[in-house]
There are 2 protein chains.
Amino acid sequence: MKTWTRGQLAALTGCNGETIRYYETIGLLPEPLRAGNGYRQYEKHHVERLYFIRRARDLGFGIDDIRALLTPMDAGTIACGEIEKIARNQLDLIRAKIRDLQRMKQELHTLVQSCQGGSAPHCAIIDALSDGQFS
Amino acid sequence: MKTWTRGQLAALTGCNGETIRYYETIGLLPEPLRAGNGYRQYEKHHVERLYFIRRARDLGFGIDDIRALLTPMDAGTIACGEIEKIARNQLDLIRAKIRDLQRMKQELHTLVQSCQGGSAPHCAIIDALSDGQFS
DNA sequence: CTTGATCCTGTAGTAACTACAGGAGCGATG
DNA sequence: CATCGCTCCTGTAGTTACTACAGGATCAAG
């Protein structure tokens with residue numbers, strides 16, 4: 001049966017090798033068997049699980065959320081409603097972050113537009129930040 | 001001359017009291033004089049500086065950026081071009097974050113839409129995360 | 001004079017990694 | 001067989017920007 005080393009798993013999934021070790025210490029990825037020299041021997045299910053974790057991370061899910069997704073999977077007791085709740089919650093968080101960043105973008109854009117550039121000793125950006133005359 | 005305690009400064013600026021202490025230890029806010037009992041006595045310039053810092057933080061500037069904004073201010077050698085560069089850079093960072101979050105939002109939205117909810121043991125969200133058949 | 005709020009210091013915890021330091025093993029080359 | 005460079009091992013410390021105590025002193029009010 002084919003196994004993978006840590007570096008191979010890292011290359012395969014695009015996940016940093018140190019991060020893999022980190023996922024093991026926090027119990028997100030089960031510890032693999034070891035070869036005679038102490039090297040980790042990852043199996044197919046490790047690869048799949050790490051893919052899952054990375055995809056969830058790419059969608060912004062936190063470690064605790066991922067744990068909450070994986071636990072029922074491991075137990076074979078998936079309740080679609082629970083999963084949906086976690087996903088909706090994540091979606092809400094992301095929408096809130098976007099709103100926040102868009103406010104920042106607006107204000108920053110205004111600030112940058114007000115700047116004449118060059119080596120003028122009087123800067124509109126600094127003035128705005130100092131006086132609180134924006135937003 | 002009026003001075004403020006840490007708690008008063010916190011209430012005034014909306015900045016957590018512990019955070020004020022933190023800004024002092026990292027040298028962002030100069031250490032104030034102390035009263036006989038050891039209590040900090042903040043002056044007007046502290047209040048103004050903390051306002052500046054908080055406004056910059058609200059726009060997403062990092063501590064190092066803020067330092068880069070404050071240093072020339074302290075030295076009285078403001079070069080508008082440098083300031084503009086920092087601000088434009090921050091604007092770019094924010095735009096990139098927004099793009100990233102919007103991608104996540106899209107994918108998550110699709111996922112959530114695909115879910116039927118309820119206690120179905122078969123969950124479309126889990127499937128999508130497991131198979132990598134999205135994005 | 002007691003009580004509760006605020007202040008002080010120093011340290012540790014948060015999220016999710018990332019980066020060493022110090023050592024051992026592996027594969028290829030001479 | 002020795003050596004070189006890469007990968008692997010462990011454990012620990014650093015990153016960002018705070019936040020949260022613990023343990024003690026001080027202040028203001030009643």
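Owing to the predicted nature of the structure, the values given are computational and were not obtained by experimental measurement. The chains referred to below are lettered A, B, ... by the order of the sequence lines, with proteins before strands, and numbering in each begins at 1. These numbers come from the heavy atoms of this one structure, side chains and all, not from hydrogens, waters or symmetry mates.
- In this structure, A:Arg21 reaches the bases: a heavy-atom distance under 4.0 Å links it to at least one base atom across the strands shown.
- The side chain of A:Arg6 contributes an N or O atom lying less than 4.0 Å from OP1 or OP2 of D:dC9.
- Ion pair B:Glu24/B:Arg40 flagged as a salt bridge, since at least one NZ, NE, NH1 or NH2 atom sits closer than 4.0 Å to an Asp/Glu carboxylate oxygen.
- At whole-Å resolution of the value, CG in A:Leu28 and C1' in C:dA16 are 11 Å apart.
- Applying the 4.0 Å criterion to OP1 and OP2 of C:dG25, one finds that A:Arg34 has every side-chain N and O outside that range.
- Look at CD on B:Glu18: it is 15 Å from P on C:dA12, rounded to the nearest Å.
- Residue-level contact check: A:Phe61 touches neither bases nor backbone, having no heavy atom under 4.0 Å from any strand.
- Rounded to a whole Å, the CG atom of B:Asn16 is 16 Å from the C1' atom of D:dT16.
- What separates CD1 of A:Ile53 from P of C:dA15 is a distance of 17 Å, to the nearest Å.
- Neither OP1 nor OP2 of C:dA15 sits under 4.0 Å from any side-chain N or O of A:Arg57.
- At the heavy-atom level, B:Arg67 lies nowhere under 4.0 Å from the strands shown.
- Within the 4.0 angstrom heavy-atom criterion, only backbone atoms of the sugar-phosphate kind lie near A:Gly62; the bases stay farther away.
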>> Please evaluate residues B:Glu84 and A:Cys123 with respect to the criterion side-chain contact (heavy atoms from CB on, under 4.5 Å), reporting the C-alpha separation (whole Å), side-chain torsions for both, the decisive distance (0.1 Å), and the verdict.
In response: CA-CA 9 Å; B:Glu84 194 197 354; A:Cys123 181; over 6 Å; no

>> I'd like to know whether B:Leu70 forms a side-chain contact (heavy atoms from CB on, under 4.5 Å) with B:Ile53, so could you lay out the CA-CA distance, the side-chain angles of the two residues, the decisive distance to 0.1 Å, and finally the verdict.
In response: CA-CA 9 Å; B:Leu70 285 170; B:Ile53 294 169; 4.2 Å; yes

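- With 3.5 Å as the limit, one finds a donor-acceptor pair spanning the side chains of A:Arg54 and A:Tyr23.
- Distances shown here put a side-chain N or O of A:Thr5 below 4.0 Å from the OP1 or OP2 atom of D:dC8.
- Between the side chain of B:Gln8 and the base of C:dC7, no donor-acceptor pair of N or O atoms lies under 3.5 Å.
- An OP1 or OP2 oxygen of C:dA16 is reached within less than 4.0 angstrom by no side-chain nitrogen or oxygen of A:Tyr23.
- Taking atom CD of residue B:Glu24 and atom C1' of nucleotide C:dG10, one finds them 15 Å apart after rounding to whole Å.
- Side-chain N/O atoms of B:Thr19 include one lying less than 4.0 angstrom from OP1 or OP2 on D:dT19.
- Every side-chain hydrogen bond (donor to acceptor under 3.5 Å, both in side chains) that B:Glu18 has, sequence neighbours left out, goes to B:Arg21.
- Between the OH atom of A:Tyr22 and the P atom of C:dA16 there is a distance of 6 Å, rounded to whole Å.
- Within residues 37-49 of chain B, the residues that have a heavy atom under 4.0 Å from DNA chain C are, in order of number, B:Gly38, B:Tyr39, B:Arg40.
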> Which is it for A:His46 and A:Glu43 under the side-chain contact (heavy atoms from CB on, under 4.5 Å) test, yes or no, and what are the steps along the way?
Replying inline: CA-CA 5 Å; A:His46 291 105; A:Glu43 296 171 40; 3.8 Å; yes

